[in-house]
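Sequential numbering from 1 along the given sequence is applied to the chain's residues. This structure is a prediction, so every number in the text was calculated from the model and none was measured.
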Amino acid sequence: MVAAANQQDGADQVAGQLELTKDMLVSEVGWDSDCDESISEAVEDAVGSELLEEDTDEVVDAVILWWRDGDGDLVDRLMDVVTPLAEEGSVWVLTPKTGTDGHVEPSVIAESAQTAGMLQTRTAALGEWAGSRLALRKKGAVRK
């Protein structure tokens, strides 16, 4: 019973850091065998449903993007993953932490976000992975 409670505490902690709540629709992109399955499971527990595939037709509240150095052009990937994103949604770019194989410098994420029309709004430490929350830039009010 204690192990189940500790597991739930860990899931709640991950969900809290990623600002994910019950009934949100979340898609997961870039998952591979090197990813931390417990993060994915914690997100599923928090939102109360399975993570959606990259090619979903649903409008999603958040995207979990697993990204490593060498995965390609982050700007292109960000442009792809925002397609199903709700206007107020966010993209969490999860990268291996500093000093780990595949680490991506925070400046690369920030520059890529800016080029893709997004802003980095916060970060989170998730075990062996680091998260960067990106949000779409707000469009200015139309002036008359």
query = Under 4.5 Å between side-chain heavy atoms, hopping through other hydrophobics if needed: is there a path connecting Trp66 to Leu126?
reply = yes
ask   = Does the pair Asp32 and Arg68 meet the rule for a salt bridge (Lys or Arg N to Asp or Glu O under 4.0 Å), with working shown?
value = CA-CA 11 Å; Asp32 204 344; Arg68 303 144 206 87; 5.2 Å; no
ask   = How about Val43 and Leu18: do any of their side-chain heavy atoms sit closer than 4.5 Å?
value = yes
message = Starting from Ile109, can I reach Met118 by hopping between I/L/V/M/F/W/Y residues whose side chains sit under 4.5 Å apart?
response = yes
Side chain to side chain, Val26 and Leu20, heavy atoms closer than 4.5 Å = yes
remark   = One should read off an interatomic distance between Asp61 CG and Ser90 OG, to the nearest 0.5 angstrom, of 8.5 Å
query = Taking atom CG of Asp73 as the centre, does the number of heavy atoms from other residues, nucleotides or ligands within less than 6.0 Å exceed 12?
reply = yes
key: Interatomic distance, Leu25 atom CG to Thr56 atom OG1 [nearest 0.5 angstrom]   = 7.5 Å
query = According to a 4.5 Å side-chain heavy-atom criterion applied to Ile, Leu, Val, Met, Phe, Trp and Tyr, with indirect links allowed, do Val104 and Trp92 form part of one hydrophobic cluster?
reply = no
task = State, yes or no, whether a side-chain contact exists between Leu94 and Ile39 at a heavy-atom distance under 4.5 Å.
result = yes
task = Starting at OG1 of Thr100, measure out to CG of Asp34 and round the result to the nearest 0.5 Å.
result = 11.0 Å
key: Sequence neighbours excluded, every pair satisfying side chain to side chain donor-acceptor pair (under 3.5 Å) that has a member inside residues 104-116   = none
key: Within-4.5 Å side-chain heavy-atom neighbours: Leu65 and Leu74   = yes
request  = Measure across Gly16 and Arg122 and return the closest heavy-atom pair with its distance rounded to 0.1 Å.
outcome  = O-NH1, 4.2 Å
query = Are Leu51 and Trp67 connected in the hydrophobic side-chain network, where two residues link if heavy atoms are under 4.5 Å apart?
reply = no
task = Report the C-alpha distance between Val82 and Val91 in whole Å, list the side-chain angles of each, state the deciding distance to 0.1 Å, and finish with yes or no for side-chain contact (heavy atoms from CB on, under 4.5 Å).
result = CA-CA 8 Å; Val82 298; Val91 175; 4.3 Å; yes
task = Could you go through the side-chain contact (heavy atoms from CB on, under 4.5 Å) check for Val93 and Ile64 one step at a time?
result = CA-CA 6 Å; Val93 179; Ile64 305 295; over 6 Å; no
Gap between atom OG1 of Thr21 and atom CE of Met24 - 0.5 Å precision = 5.0 Å
request  = Go through the steps for Ser40 and Glu28 under the test side-chain hydrogen bond (donor to acceptor under 3.5 Å, both in side chains), then give the verdict.
outcome  = CA-CA 8 Å; Ser40 301; Glu28 184 175 45; 2.4 Å; yes
key: Contacts of Arg133 that satisfy side-chain hydrogen bond (donor to acceptor under 3.5 Å, both in side chains) - sequence neighbours left out   = Glu19, Thr121
note = Distance col, row Glu128:CD vs Cys35:SG, nearest 0.5 angstrom, shows 12.5 Å
request  = Using the rule that two of Ile, Leu, Val, Met, Phe, Trp, Tyr join whenever any of their side-chain heavy atoms come within less than 4.5 Å, decide whether Val63 and Leu136 are in one cluster.
outcome  = yes
key: By salt bridge (charged side-chain N to carboxylate O under 4.0 Å, His left out) - contacts of Asp69 (at least two apart)   = none
No-hydrogen, no-angle side-chain donor-acceptor test under 3.5 Å, Ser27 and Glu54 = no
query = Distance from Thr95 atom OG1 to His103 atom NE2, nearest 0.5 Å?
reply = 6.0 Å
